[in-house]
Each structure stands twice: as structure tokens, then as C-alpha cells.
Amino acid sequence: MAEHTPARECDALTLPLRVADLNPRAVVQFVLRPAPAARVELAADLGVLALKKLEFRGSLQAEGRTDWRLEGKLGVTAVQACVLTAEPVTTRIDVPVLRRFLREMPVPIETEAEIPDDDSLEQLGPVIDPGAVMAEALALALPDYPRAPGATLPQSASAGEERPNPFAALAALKSDPE
């Protein structure tokens with residue numbers, strides 16, 4: 001049975017944990033709540049307007065003799081620019097996060113290999129940083145094309161009008177003797 005240690009709390013963007021210092025029989029609890037300046041820095045890195053109420057809470061524990069499992073929950077309110085109007089769009093994100101750090105990554109045996117279905121696998125290095133996992137999970141969870149309510153694409157051609165054929169202009173150039 002793994003013992004639980006008091007949660008490590010951090011207000012920075014990183015919380016590097018040296019694997020050599022981790023007790024394989026203990027569960028490391030962590031809570032990351034980046035301070036306002038750190039959230040501004042992360043928002044700039046991700047290309048968003050603002051990050052509010054950012055929290056990443058979870059645990060890290062040994063999985064077998066050489067591997068580690070990080071499980072957590074990411075919660076944040078992100079403000080992004082609408083892709084159509086540039087108005088601020090606020091999105092609440094609450095997602096579970098799982099990463100498994102393996103000393104020996106599976107090696108494909110075929111010459112052509114597909115991307116594995118399990119995207120939680122990472123190569124185990126000397127340090128596991130829940131802050132880096134938080135930033136990556138946030139980047140993946142952000143909406144790719146945020147839209148303000150009621151924002152619509154402009155109509156390039158009115159209903160009933162025919163769209164010009166782009167190849168017609170090329171054909172005209174080709175037939176022009178000059």
C-alpha cells in the first residue's frame with residue numbers, strides 16, 4: 001500500500017521532481033496554482049488573451065519497478081480572441097490528465113508503424129515536471145477556433161450569383177497570343 005505525502009503546492013509554472021529523489025512506495029500529491037504573473041507568461045506562450053482560475057491538481061506514483069504514473073485534473077478559464085471578430089471568447093476547461101512515464105518505451109517492430117492509440121506515454125527522464133504536463137494539457141484542451149456568440153462568416157457571393165471560375169482566368173491567359 002502506497003503512503004500519501006502532504007500535497008506539494010506551487011504558484012509557479014514548474015514543479016520539477018527529480019525521479020531519483022522520489023519514494024516508489026509513496027504517492028506525491030501536487031497542486032499548481034500559478035500566480036498572476038506566471039499565468040500572463042503562459043497565456044502569451046499559448047497565444048491566448050488571459051488565463052483565469054488556473055489549477056492543476058493530481059498525484060504521481062510508481063507504476064511497477066521503473067515507471068511512474070501522473071494523474072490529475074486541469075481546470076482553467078481561458079479567454080481567447082474570436083477567429084472571426086477578434087472579440088474575447090471565454091471558455092471553461094475542466095479535463096482529466098494522464099501521463100505514464102516509461103523507462104523503456106515500446107518499440108514498433110514493423111517497418112511502417114502507426115501512431116499508437118495510447119497518447120499518455122512519455123519517455124522517463126531524470127525529472128518529471130507536473131508544470132510542463134499542465135502546460136501541454138492546456139495547449140491541447142484549448143479550442144482551436146474560438147467563436148463569439150452570433151459570429152458568422154461573411155457571404156462572399158450573394159445567393160443566386162454564380163461564383164467565378166478561377167481556371168477561366170488561366171485559360172484566358174493561355175489563349176492570349178501576347
Side-chain angles (χ1 to χ4, degrees), residues 1-83 86 88-108 113-147:
M1 180 89 181
E3 62 182 72
H4 287 272
T5 59
R8 297 185 189 192
E9 297 200 25
C10 181
D11 66 353
L13 292 176
T14 64
L15 178 63
L17 303 171
R18 284 179 22 100
V19 174
D21 295 341
L22 296 173
N23 179 350
R25 291 182 293 280
V27 176
V28 177
Q29 303 285 334
F30 60 85
V31 179
L32 279 80
R33 285 188 203 99
R39 289 194 316 266
V40 167
E41 179 184 332
L42 182 57
D45 288 347
L46 296 174
V48 300
L49 301 175
L51 297 171
K52 304 173 186 176
K53 302 177 187 171
L54 175 57
E55 180 179 273
F56 184 44
R57 172 183 299 269
S59 63
L60 178 66
Q61 66 185 42
E63 189 172 66
R65 291 182 168 261
T66 60
D67 303 329
W68 293 86
R69 179 184 191 92
L70 184 148
E71 288 186 77
K73 179 158 186 186
L74 172 66
V76 64
T77 300
V79 181
Q80 297 173 273
C82 172
V83 294
V89 178
T90 302
T91 307
R92 180 67 195 168
I93 298 169
D94 290 295
V95 293
V97 177
L98 171 65
R99 292 292 183 281
R100 293 177 47 225
F101 296 90
L102 307 179
R103 175 158 294 155
E104 298 288 330
M105 290 291 287
V107 178
E114 292 189 21
I115 297 173
D117 291 333
D118 188 354
D119 62 356
S120 70
L121 302 179
E122 301 266 344
Q123 178 69 50
L124 178 65
V127 172
I128 296 173
D129 185 355
V133 173
M134 172 186 70
E136 178 185 287
L138 176 56
L140 292 171
L142 286 168
D144 292 329
Y145 304 102
R147 279 184 138 173

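Any value given below was found using the heavy atoms of this structure, including those in side chains, with hydrogens, waters and symmetry copies removed.
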Within the 4.5 Å heavy-atom criterion, are [X] and [Y] side-chain neighbours or not?
{"X": "Leu138", "Y": "Val76", "value": "yes"}
{"X": "Ser59", "Y": "Gln29", "value": "yes"}
{"X": "Leu15", "Y": "Asp129", "value": "yes"}
{"X": "Met134", "Y": "Leu74", "value": "yes"}
{"X": "Pro146", "Y": "Val83", "value": "yes"}
{"X": "Arg65", "Y": "Arg103", "value": "no"}

Looking at [atom1] of [X] and [atom2] of [Y], how far apart are the two atoms once the value is rounded to the nearest 0.5 Å?
{"X": "Asp67", "Y": "Met105", "atom1": "CG", "atom2": "CE", "result": "10.0 Å"}
{"X": "Glu41", "Y": "Leu46", "atom1": "CD", "atom2": "CG", "result": "10.5 Å"}
{"X": "Glu63", "Y": "Leu70", "atom1": "CD", "atom2": "CG", "result": "11.0 Å"}
{"X": "Arg8", "Y": "Leu32", "atom1": "CZ", "atom2": "CG", "result": "11.5 Å"}
{"X": "Leu121", "Y": "Phe101", "atom1": "CG", "atom2": "CZ", "result": "10.5 Å"}
{"X": "Gln61", "Y": "Asn23", "atom1": "CD", "atom2": "CG", "result": "11.5 Å"}

Any donor-acceptor pair under 3.5 Å from [X] side chain to [Y] backbone:
{"X": "Arg39", "Y": "Pro34", "result": "yes"}
{"X": "Glu9", "Y": "Phe30", "result": "no"}
{"X": "Gln80", "Y": "Pro143", "result": "yes"}
{"X": "Asp11", "Y": "Arg33", "result": "no"}

Return the minimal non-hydrogen interatomic distance between [X] and [Y], and the atom names on each side.
{"X": "Ala43", "Y": "Leu51", "answer": "N-CD1, 3.7 Å"}
{"X": "Arg99", "Y": "Glu136", "answer": "NH2-OE2, 2.7 Å"}
{"X": "Leu98", "Y": "Ser120", "answer": "O-CB, 3.4 Å"}
{"X": "Ala38", "Y": "Leu13", "answer": "O-CD1, 3.5 Å"}
{"X": "Ala78", "Y": "Leu142", "answer": "CB-CD2, 3.6 Å"}
{"X": "Ala81", "Y": "Leu49", "answer": "N-CD1, 3.8 Å"}

Does CD in Glu104 sit with more than 12 non-hydrogen atoms of other residues, nucleotides or ligands closer than 6.0 Å?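 Result for CD/Glu104: open.
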
Would Asp94 and Lys73 count as a side chain to side chain contact (heavy atoms under 4.5 Å, CB included) here? Give the steps. CA-CA 7 Å; Asp94 290 295; Lys73 179 158 186 186; 4.0 Å; yes

Does the pair Val133 and Phe56 meet the rule for a side chain to side chain contact (heavy atoms under 4.5 Å, CB included), with working shown? CA-CA 9 Å; Val133 173; Phe56 184 44; 4.1 Å; yes

